[in-house]
Amino acid sequence: MDDQTPDPAAATLEGTPDVDGAGAADGAGGADARGDGHADPAGLSPATVAVTSGRPARVPGGPVNPPVVLSSTYVSAGTPPPGDLLYARSGTETWVPFERTLADLEGAAQPALVFSSGMAAIAAALSLVPVGGRLVVPRHAYQVTLGFADDLAARAGVEVVRVDIADTDAVVAAVRAAPTSLLWVESPTNPMLEVADLPALVAAAHAADVPVAVDNTFATPLGQRPLAWGADVVVHSVTKYLAGHSDVVLGAVVVADAALRDRFLAYRTLHGAIAGPWEVWLALRGMRTLALRVERSQANAAEIARRLAGHPAVAQVRHPSLPDDPGHERATALMTGYGSIIGLRPAGGVAAADAVVDALRLWVPATSLGGVESSLERRRRFATESATVPEDLLRLSVGIEDVEDLWTDLAAALDGLGGPGA
Ligand SMILES: *Cc1c(COP(=O)(O)O)cnc(C)c1O
């Protein structure tokens with residue numbers, strides 16, 4: 001057993017795609033409804049799968065790790081048998097172990113599809129929305145995803161409907177209001193940390209014949225497995241937790257359905273947003289330690305959020321681990337762990353928020369998240385961030401450093417706000 005799976009019953013469950021989503025919505029669905037049952041036939045826990053999946057065949061003298069193959073083309077003559085490697089835009093052996101491991105973590109029978117960035121993966125998923133289609137998106141989500149949706153509206157006549165993804169009734173009403181091409185979900189959302197009732201949303205969308213795509217970057221497959229709730233598409237910014245070291249930009253799409261995978265595979269080959277072999281190899285190496293990193297950063301985040309909540313220079317703190325957080329109950333019922341992102345609004349508005357960023361010595365002022373190092377930024381410094389995100393919101397990505405060192409640095413920055421010139 002690994003301690004990423006707090007419910008011992010989960011280890012005995014086979015990952016089942018046919019989850020009673022409605023039951024899960026009220027937290028009564030148990031371990032299975034959380035999606036952390038194990039699709040792996042050997043019944044291994046996700047922490048083990050992250051280490052063992054995608055290894056080369058175990059032969060004497062063979063390598064323990066997959067090789068990096070640098071070749072743009074493959075020897076081939078005559079009519080190539082289907083599935084043969086031909087040309088590196090269509091497929092390379094370096095992608096295979098990564099795609100297998102991520103699929104195993106997400107509980108997908110089909111291999112994942114790696115893309116050159118999270119946005120390339122998101123662009124592929126959004127190709128499900130036709131010209132003149134209708135797309136329901138969270139009003140708070142990764143800002144470039146929302147920018148992409150706006151671009152679809154401008155250039156392809158797509159009707160984009162923004163909803164509060166935590167307001168289940170509002171989302172259900174939006175997907176029922178008119179024929180809809182796709183429901184896009186982030187949970188928890190970037191950067192507001194709203195938690196969606198994912199099984200309820202999937203059930204309602206499917207009842208209206210609407211496919212569902214989930215950006216699972218924040219939760220990671222260790223936190224939730226949307227395919228187990230019936231979601232049609234999962235996308236990742238592999239750049240973040242999966243790779244985990246802020247040294248690669250990479251993305252992935254994971255689906256349960258073979259025909260849908262073929263469609264996205266054709267999309268990738270056609271559009272050519274493919275990943276380089278080094279990046280994919282590095283990302284797989286990062287994934288080997290995913291469970292350890294997530295476990296540590298989540299524990300750090302929960303402790304820091306708890307301390308922030310009691311600090312006099314803090315106006316608001318959001319982390320689903322906090323008992324009075326609006327997402328707490330749902331995250332407890334639906335997720336394994338609460339993630340490692342904290343929303344922080346210091347007392348004193350934008351000036352105070354910027355002063356905190358400037359005063360920190362250990363935390364890195366930088367965009368992005370999910371690395372081993374703790375970082376933060378004020379999101380509204382980007383003009384493109386949603387106007388309903390508070391101007392003074394700091395998004396903290398908590399890393400794996402010693403929690404006392406992190407707190408000492410943060411507390412000193414907050415304590416400094418009260419001083420002269422504040
Ligand atoms: C960073 C991020 C993306 C975009 O991924 P890239 O790898 O930067 O292209 C998408 N969704 C979420 C939730 C992210 O945090």
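Atoms within each ligand, like the ligands themselves, are counted from 1 in listed order. It should be emphasised that the depicted structure is a prediction, and the values quoted were computed from it without experimental measurement.
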*Worked check of side chain to side chain contact (heavy atoms under 4.5 Å, CB included) between Glu377 and Leu396*: CA-CA 7 Å; Glu377 68 173 334; Leu396 279 58; over 6 Å; no
Can you give me a line-by-line list of nitrogen or oxygen pairs between ligand 1 and the protein shorter than 3.5 Å?
residue	atom	partner	partner atom	Å
ligand 1	5 (O)	Ser237	OG	2.9
ligand 1	7 (O)	Gly118	N	2.9
ligand 1	7 (O)	Ser237	OG	2.8
ligand 1	7 (O)	Thr239	OG1	2.7
ligand 1	9 (O)	Gly118	N	3.0
ligand 1	9 (O)	Met119	N	2.8
ligand 1	11 (N)	Asp215	OD2	2.6
ligand 1	15 (O)	Asn190	ND2	3.4
ligand 1	15 (O)	Lys240	NZ	2.8

*asked:* Any carboxylate oxygen within less than 4.0 angstrom of a Lys/Arg side-chain nitrogen, looking at Arg361 and Asp409?
replied: no
*In terms of side-chain heavy atoms, does Glu401 have a donor or acceptor partner in Ser374 at a distance below 3.5 Å?*
yes
_Between Arg139 (side chain only) and Arg162 (backbone N and O only), is there a donor and an acceptor less than 3.5 Å apart?_
no
*With the threshold set at 4.0 Å, does a side-chain nitrogen-carboxylate oxygen contact exist between Arg134 and Glu159?*
yes
*Ion pair Arg268/Glu99, N-O distance below 4.0 Å*: yes
